[in-house]
Amino acid sequence: MAEHQVFTIASIPADGVGQEVVAAGRTVLDALAEQSKGAFSFEWTEFPWGSAYYAEHGVLMPADGLETLKPFDAIYFGAVGWENVPDHVSLWGLRLNITQNFDQWANIRPVKFLPGVQSPLRKADDTELDWVVVRENSEGEYAGLGGRNLAGRGPGNEVAVQSSLFTEKGCERIIRFAFDLARTRTVRKVSSVTKSNAQQYGMVLWDEVFARVAGDYPDVQTESVLVDAMSAKFVLHPEDLSVVVASNLNADILSDLGSALAGSLGLAASANLNPERRFPSMFEPVHGSAPDIAGQGIANPIGAIASAALMLDHFGLHAEARRLEAAIEATTAAGHLTRDIGGTADTNEITEAIVEALAASLTSA
């Protein structure tokens, strides 16, 4: 009999609908563990960090928060952001504090077109579309370098400098990650995205590294596309895409576009990976805290649950990850849809439907 595996997970629901969707994901993961017949289980530790914590303590997380998180196998994150904290303070105080200090340099954002979910993209009606955006997650435009100065000159005279950082090491490791991922997919192709015609230093370095690394992967198709042209390609020729690799900002924007084309940001999953496993990786939906619907029980939990599938892959539980993805597809195909994708189901109903689909997959196996 295989040894029982216990995976320790730090749960940080944080703000708004993050509370609801993380709870949904935990329910689904615990159901999977129960169905494993003792093969594995999850040990959860929840942390109350976020904007409410800031209101009481003046920080988004305690000074020793990173040391507290370091021993965990993974972090399951909800969303951060509320009206009592400026967005740049909440983001840098919690989420980016974790991703940068834990060197979670590979951000994976699959673009999934689910059955039963209507896409605004007409091509999705009769074309199989499935691609993944690989985002450089440690430097680029979100390196946090710069400052604000000269405010003493008076109103209208302050200067802000925001610098992007591109290192050869940072470019190479994310580009190689994208090529390795492409080798696992049906279509072996990597599309590199920059704006190197206008940003002639950092992004030209990216282009040069991409061309060099591509030589080590003769079995993988390649293309280099400017970000504005790639935005158009997402809409006009998405069937040509498999793995799209881009800088921190460009991939952030493109992945949201992809999720909108798939039907809703509520469907979008992501993984912030430290591939060397020196630190825990973090898994989160990308839809934000959604204050307008928080606490109403109507948030779409699919993005968080699909992020849990990415976490299962990270743990080496690949069969369970595929079962969970199939359960999500069975749920939407059966017409169980939240309001953001044209349905009436609430968060709990979608969660229960996915758990039922998981159970059904066992009996039919």
Side-chain angles (χ1 to χ4, degrees), residues 107-135 178-194 214 217 219-246 250-271 285-287 300 302-303 305-307 309-310 313 318 321-343 345 350 353-354 357 361:
N107 179 239
I108 310 305
R109 295 190 174 188
V111 179
K112 295 282 189 179
F113 290 76
L114 297 174
V117 177
Q118 185 173 10
S119 164
L121 196 63
R122 285 185 297 175
K123 188 166 284 188
D125 294 340
D126 53 19
T127 307
E128 185 174 347
L129 303 173
D130 177 17
W131 71 92
V132 59
V133 177
V134 175
R135 170 186 174 188
F179 273 98
D180 290 337
L181 178 60
R183 279 180 165 171
T184 70
R185 294 174 59 83
T186 303
V187 177
R188 295 184 171 191
K189 181 179 179 180
V190 177
S191 303
S192 172
V193 181
T194 65
Y217 296 83
D219 55 320
V220 179
Q221 302 175 60
T222 65
E223 63 176 351
S224 293
V225 185
L226 296 176
V227 65
D228 37 4
M230 182 56 79
S231 299
K233 189 167 189 174
F234 266 43
V235 177
L236 299 176
H237 300 291
E239 69 279 5
D240 289 344
L241 303 173
S242 181
V243 176
V244 177
V245 62
N250 288 339
D252 189 10
I253 295 170
L254 286 172
S255 60
D256 280 4
L257 173 59
S259 298
L261 293 174
S264 171
L265 286 181
L267 304 171
S270 78
V286 303
H287 49 57
N300 190 339
I302 288 179
I305 295 170
S307 299
L310 296 175
D313 271 326
H318 304 300
R322 303 291 81 75
R323 279 186 60 217
L324 181 48
E325 290 172 346
I328 292 171
E329 293 181 4
T331 296
T332 59
H336 301 295
L337 307 173
T338 46
R339 299 180 192 187
D340 59 309
I341 47 178
I350 296 296
I354 291 174
S361 69

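- One N or O on the side chain of N107 and one on the backbone of A271 form a donor-acceptor pair closer than 3.5 Å.
- Scanning all heavy atoms of the two residues, the minimum distance from A262 to F113 falls at CA-CE2, 3.6 Å.
- Taking a cutoff of 4.0 Å between a charged side-chain nitrogen and a carboxylate oxygen, D240 and K189 do not qualify as a salt bridge.
- Taking CD1 from I354 and CD1 from I302, the interatomic distance works out to 5.0 Å, rounded to the nearest 0.5 Å.
- With a 6.0 Å radius and a threshold of 12 heavy atoms from other residues, nucleotides or ligands, R185 has its CZ atom above the threshold.
- Going from atom CD1 of I253 over to atom CE of M230 covers 14.0 Å, rounded to the nearest 0.5 Å.
- Ion pairing of E223 with K233 is present here, as a side-chain N (NZ or NE/NH1/NH2) and a carboxylate O approach within less than 4.0 Å.
- Remark: the backbone N or O of S270 is paired with a side-chain donor or acceptor of S307 at under 3.5 angstrom.
- Minimum interatomic distance between L261 and P120 (heavy atoms only, all atoms of both residues): O-CD, 3.4 Å.
- The two residues L257 and S231 come nearest to each other via the heavy atoms CD2-O, 3.8 Å.
- A pairwise comparison of heavy atoms in A357 and T331 identifies CB-OG1, 4.2 Å as the closest pair.
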Evaluate side-chain contact (heavy atoms from CB on, under 4.5 Å) for R135 paired with V245, printing each intermediate quantity in order. CA-CA 6 Å; R135 170 186 174 188; V245 62; over 6 Å; no
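- Applying side-chain contact (heavy atoms from CB on, under 4.5 Å) to R183 and the options V190, V243, V220 leaves one that passes, V220.
- Separation of atoms CG (L241) and OG (S191) is listed at 5.5 Å; rounding is to 0.5 Å.
- Note that the CD1 atom of I328 and the CD1 atom of I305 stand 6.0 Å from one another [nearest 0.5 Å].
- Not a single donor-acceptor pair under 3.5 Å links the side chain of T184 to the backbone N or O of D180.
- The closest donor-acceptor contact from the side chain of S259 to the backbone of D256 lies at 3.5 Å or more, if one exists at all.
- Looking only at distances, a side-chain donor or acceptor of T332 sits under 3.5 Å from a matching main-chain atom of P115.
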Begin with the C-alpha distance, continue with both residues' side-chain angles, and end with the deciding distance and a verdict on side-chain contact (heavy atoms from CB on, under 4.5 Å) for T194 and V227. CA-CA 6 Å; T194 65; V227 65; over 6 Å; no
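- Between the side chain of S255 and the main chain of R109, no donor-acceptor pair closer than 3.5 Å is present.
- The OG1 atom of T186 sits 8.0 Å away from the CG atom of D130 when rounded to the nearest 0.5 Å.
- At a cut-off of 3.5 Å, with distance as the only test, no side-chain donor of T127 or E239 sits close to an acceptor on the other residue.
- Considering NZ of K123 and CG of L129, their distance stands at 8.0 Å, rounded to 0.5 Å.
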I'd like to know whether V132 forms a side-chain contact (heavy atoms from CB on, under 4.5 Å) with L181, so could you lay out the CA-CA distance, the side-chain angles of the two residues, the decisive distance to 0.1 Å, and finally the verdict. CA-CA 9 Å; V132 59; L181 178 60; 3.7 Å; yes
